[in-house]
Novice: 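If you scroll down you'll find the structure; I have some questions about it.
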Amino acid sequence: MNPVSEDIKDILLEDSSLGLAFGTNLFIGREPSLHSNCVTIFDIPGYQPQLLLAGGEAGFFNDSFQVRIRNTDYKTGYDLANDIMVLLHGLEHVTYNSTLYMVIYCTSGPAMLGWDDNNRVIFIINFNLQRR
């Protein structure tokens with residue numbers, strides 16, 4: 001099973017209207033300092049996986065991730081954050097890279113985190129999901 005961030009990257013790349021390209025303005029786990037306008041996906045702590053006893057089949061994993069949007073323009077950054085939230089929130093019963101995602105849902109966001117030292121606004125969106 002992939003890290004959640006890998007599968008979420010693939011979901012975001014399927015929607016060409018977002019204008020994202022992996023390694024150009026979409027990143028996983030580490031936000032590059034040089035790219036002013038970018039999206040980064042972070043794997044963050046989720047909830048405990050389902051525990052099945054007596055040799056039951058694999059249960060569900062309850063993971064979380066955060067999407068961080070950095071942009072030189074407030075409105076453009078917010079709009080992209082909102083578009084990502086709308087795309088992912090409520091996505092259900094889809095399979096990516098052999099993993100079944102029962103549901104993905106937004107828990108907070110888009111929320112402005114602040115401005116960085118280079119005068120770029122940062123928005124975050126937090127999500128939970130259930131997969132197996």
Novice: Specify the closest pair of heavy atoms between V4 and L129, including all atoms of both residues, with the distance to one decimal.
Specialist: CG1-CD2, 3.5 Å
Novice: How about S5 and D43: does a side-chain donor come under 3.5 Å of a side-chain acceptor?
Specialist: yes
Novice: Can you hop from F22 to V67 via hydrophobic side chains spaced under 4.5 Å?
Specialist: yes
Novice: Stepwise, does the side-chain contact (heavy atoms from CB on, under 4.5 Å) test hold for I41 with L12?
Specialist: CA-CA 10 Å; I41 307 163; L12 294 179; 3.9 Å; yes
Novice: Please assess H35 against N25 for the test side-chain contact (heavy atoms from CB on, under 4.5 Å), listing each intermediate value before the final yes or no.
Specialist: CA-CA 7 Å; H35 296 274; N25 61 354; 5.9 Å; no
Novice: Quick one: closest heavy-atom pair of T40 and P32, and the distance?
Specialist: OG1-CD, 4.5 Å
Novice: If you take the centroid of each ring, where Trp contributes its six-membered ring, are F123 and Y74 closer together than 6.0 Å?
Specialist: yes
Novice: For the backbone of R120 and the side chain of N118, can you confirm whether one donor and one acceptor N or O come within less than 3.5 Å of each other?
Specialist: no
Novice: As an exercise, state the distance from OG of S33 to CG of D117, rounded to the nearest 0.5 Å.
Specialist: 11.5 Å
Novice: Which value, rounded to the nearest 0.5 Å, describes the distance between Y96 atom OH and K9 atom NZ?
Specialist: 12.0 Å
Novice: Can you check whether I44's main-chain N or O pairs, donor with acceptor, with S64's side chain at less than 3.5 Å?
Specialist: no
Novice: Should L18 and V39 be counted in the same cluster of Ile, Leu, Val, Met, Phe, Trp and Tyr side chains packed under 4.5 Å apart?
Specialist: yes
Novice: Using the side-chain contact (heavy atoms from CB on, under 4.5 Å) rule, pick out the option among I125, N128, I8, N126 that qualifies with F65.
Specialist: I8
Novice: Do N97 and T99 get their side chains close enough for a donor-acceptor pair, meaning under 3.5 Å?
Specialist: no
Novice: Quick check against the 3.5 Å criterion: does N37 have a side-chain atom that pairs as donor or acceptor with the backbone of T72?
Specialist: yes
Novice: So how far is it from D7 CG to I28 CD1, rounded to the nearest 0.5 Å?
Specialist: 9.0 Å
Novice: Are F127 and M112 co-members of a hydrophobic cluster defined by side-chain heavy atoms under 4.5 Å apart?
Specialist: yes
Novice: Tell me the closest heavy-atom pair linking D73 and N71, and the distance in Å.
Specialist: N-OD1, 2.9 Å
Novice: Same cluster or not: Y78 versus L26, using hydrophobic residues (I, L, V, M, F, W, Y) connected whenever any side-chain heavy atoms lie under 4.5 Å apart?
Specialist: yes
Novice: Rounded to the nearest 0.5 Å, what's the gap from CZ on R131 to CZ on F60? Could you check?
Specialist: 12.5 Å
Novice: Let me check something: any side-chain donor-acceptor pairs from residues 79-95 under 3.5 Å, sequence neighbours excluded? List them with distances.
Specialist:
unit_1	atom_1	unit_2	atom_2	d
D79	OD1	K75	NZ	2.8
D79	OD2	K75	NZ	3.0
H89	ND1	C106	N	2.8

Novice: Hey, quick one: are Y101 and V103 part of the same hydrophobic cluster, counting side-chain heavy atoms closer than 4.5 Å, chains of contacts allowed?
Specialist: no
